[in-house]
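So that the names make sense, note that chain A is the first sequence line, chain B the second, and so on, each numbered from 1. The model shown is predicted, which means the values in this text are computed figures rather than measured ones.
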Number of protein chains: 2
Amino acid sequence: MASDERRVQILHVAMKLFAEHGFRGTTTKESAVAAGVSEAMVFRHFANKDELYHAIIDHKACNHAEMKTPLEKLTELAAAKDDYALFYGLALNALNHHRDDPNFMRLLLYAALEGHELAQMFFENFVVEIYSFLGAYIEERQREGVFRQMEPKIIVRSFIGMVMHHSLNNTLWDKEQNLLQVTNEDAARQFAEILLNGVLTKNQ
Amino acid sequence: MASDERRVQILHVAMKLFAEHGFRGTTTKESAVAAGVSEAMVFRHFANKDELYHAIIDHKACNHAEMKTPLEKLTELAAAKDDYALFYGLALNALNHHRDDPNFMRLLLYAALEGHELAQMFFENFVVEIYSFLGAYIEERQREGVFRQMEPKIIVRSFIGMVMHHSLNNTLWDKEQNLLQVTNEDAARQFAEILLNGVLTKNQ
DNA sequence: GTCTATAAATAGATAGAC
DNA sequence: GTCTATCTATTTATAGAC
């Protein structure tokens, strides 16, 4: 197999294992075996275990850049003041992304717990940005008297909380437990409805 | 130091380390040093590392039993049909608990990711129970026409999501990031307000 | 009850042949 | 590009002295 090809293959295999068992819980030997090569091959393509982890981070950081594209569409919805479409779209986009790439959430959780950079990077590049974007929109809608007066950031946290916690449950538990089976469309719709009814002024 | 006393001391020290670095990320040597004893002492009180982890689980399972006591008070609020007091009390109780014992949430997250029993135990004993309790209450309020008609479990998930995600942020990120500083009382109040406004029928 | 010393197993990483 | 063999450090766990 060509060098680049092999490198990417090991990267993907290792990413899966790191997502399942964490950085400390995955051995280079396991990664090698899962990729169908010897351990020496891992160290030929990556100087050490840390570099392998960083390569995974970079790879995921790229994926994350792709995630931002739909955010631009959300900006249009915000400009059009379409509250429901904005919150629904935000939720559905996140839920679908988490379902299609469950490894990302697990990697991120491990990174946050283990104090790796991926968590910090995600926070600075994505969480801060979405709080800023949604917070500004909410403030605007409050000035217009459409949303009730309350700390904008707590509204953001409430909504992100619904969505993220739902994905977290799907990723960590619900697979087996079957506590709440619902399509992403239904979940996004109901989260958006609850939040908007919760923050709209009574006379809307 | 007396045997029992020493055992508990090592247990507490290890629990802190396991919460910080996870099961695989904590060595018996580290636990011993942190407890101010030799590694041999750890294995005198606990047959092996697994047993040490299980002892921590049991200890936390007891703490969790204490958590249930306030739940009984919530049952009274439910009987009185005091929606706001019920949701506010539920949120404040959880937020305070998470703040006072951040190790619990970290242990639980590690356990869920690493697939240990603590996660399963917590889910079956606590999550299922609260979904059942709140779900039943919501159904009742829907029959009375006070809450809007929608899947009760999605309402539960929305509210638990707000609360848990807020605690998760406080535990994993906000300490340094300062994204949203708010007292638990304020957070609980606003979460309850958003949810109730979100699910109450318009003519309330 | 506590320690030092040490065994046994595993993990990360390298050397050198093919 | 790939492997086997090997080295070193770490980790879990035990033995035996005090």
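- A straight line from CE of A:M41 to C1' of C:dG16 spans 15 Å, rounded to a whole angstrom.
- No side-chain donor from either of A:Y110 and A:R24 sits under 3.5 Å from a side-chain acceptor of the other.
- Between B:S3 and C:dG1 there is a side-chain polar atom (N or O) within less than 4.0 angstrom of OP1 or OP2.
- Atom NE2 of A:H21 and atom P of C:dA11 are 13 Å apart (whole Å).
- Residue contacts shown for B:T26 are limited to sugar-phosphate atoms, with no base heavy atom under 4.0 Å away.
- In this structure, CD of A:E39 is placed 16 Å from P of D:dT2, rounded to the nearest angstrom.
- Among the atoms of the strands shown, none is found under 4.0 Å from any heavy atom of B:V42.
- For residues 43-60 of chain A, proximity to DNA chain C is found at A:F43, A:A47, A:N48, A:K49, defined as any non-hydrogen atom under 4.0 angstrom from a strand atom.
- A:F104 does not carry A:K60 over the face of its six-membered ring by the limits of under 6.0 Å from the centre and within 45° of the normal.
- No side-chain heavy atom of B:V146 sits under 4.5 Å from any side-chain heavy atom of B:V199.
- Side-chain atoms of B:E5 and B:Q9 form no donor-acceptor pair, as typed in the model, at a separation below 3.5 Å.
- In this structure, the NZ atom of B:K29 is 14 Å from the P atom of C:dT6, given to the nearest Å.
- B:H97 and B:N93 share no donor-acceptor pair across their side chains, judged by distance under 3.5 Å alone.
- A salt bridge between B:E144 and B:R141 is present, with a side-chain N of the basic residue lying under 4.0 Å from a carboxylate O of the acidic one.
- What separates CZ of B:R6 from C1' of C:dG1 is a distance of 8 Å, to the nearest Å.
- Comparing atom distances between the B:T27 side chain and each of D:dT11, C:dT4, C:dA15 picks out D:dT11 as nearest.
- Ring centroids of A:H59 and A:H12 are separated by less than 6.0 Å, placing the two rings close together.
- Here the C1' atom of nucleotide C:dA11 and the CZ atom of B:R24 are 13 Å apart, to the nearest Å.
- Distances shorter than 4.0 Å separate none of the side-chain N or O atoms of A:S38 from OP1 or OP2 on D:dT2.
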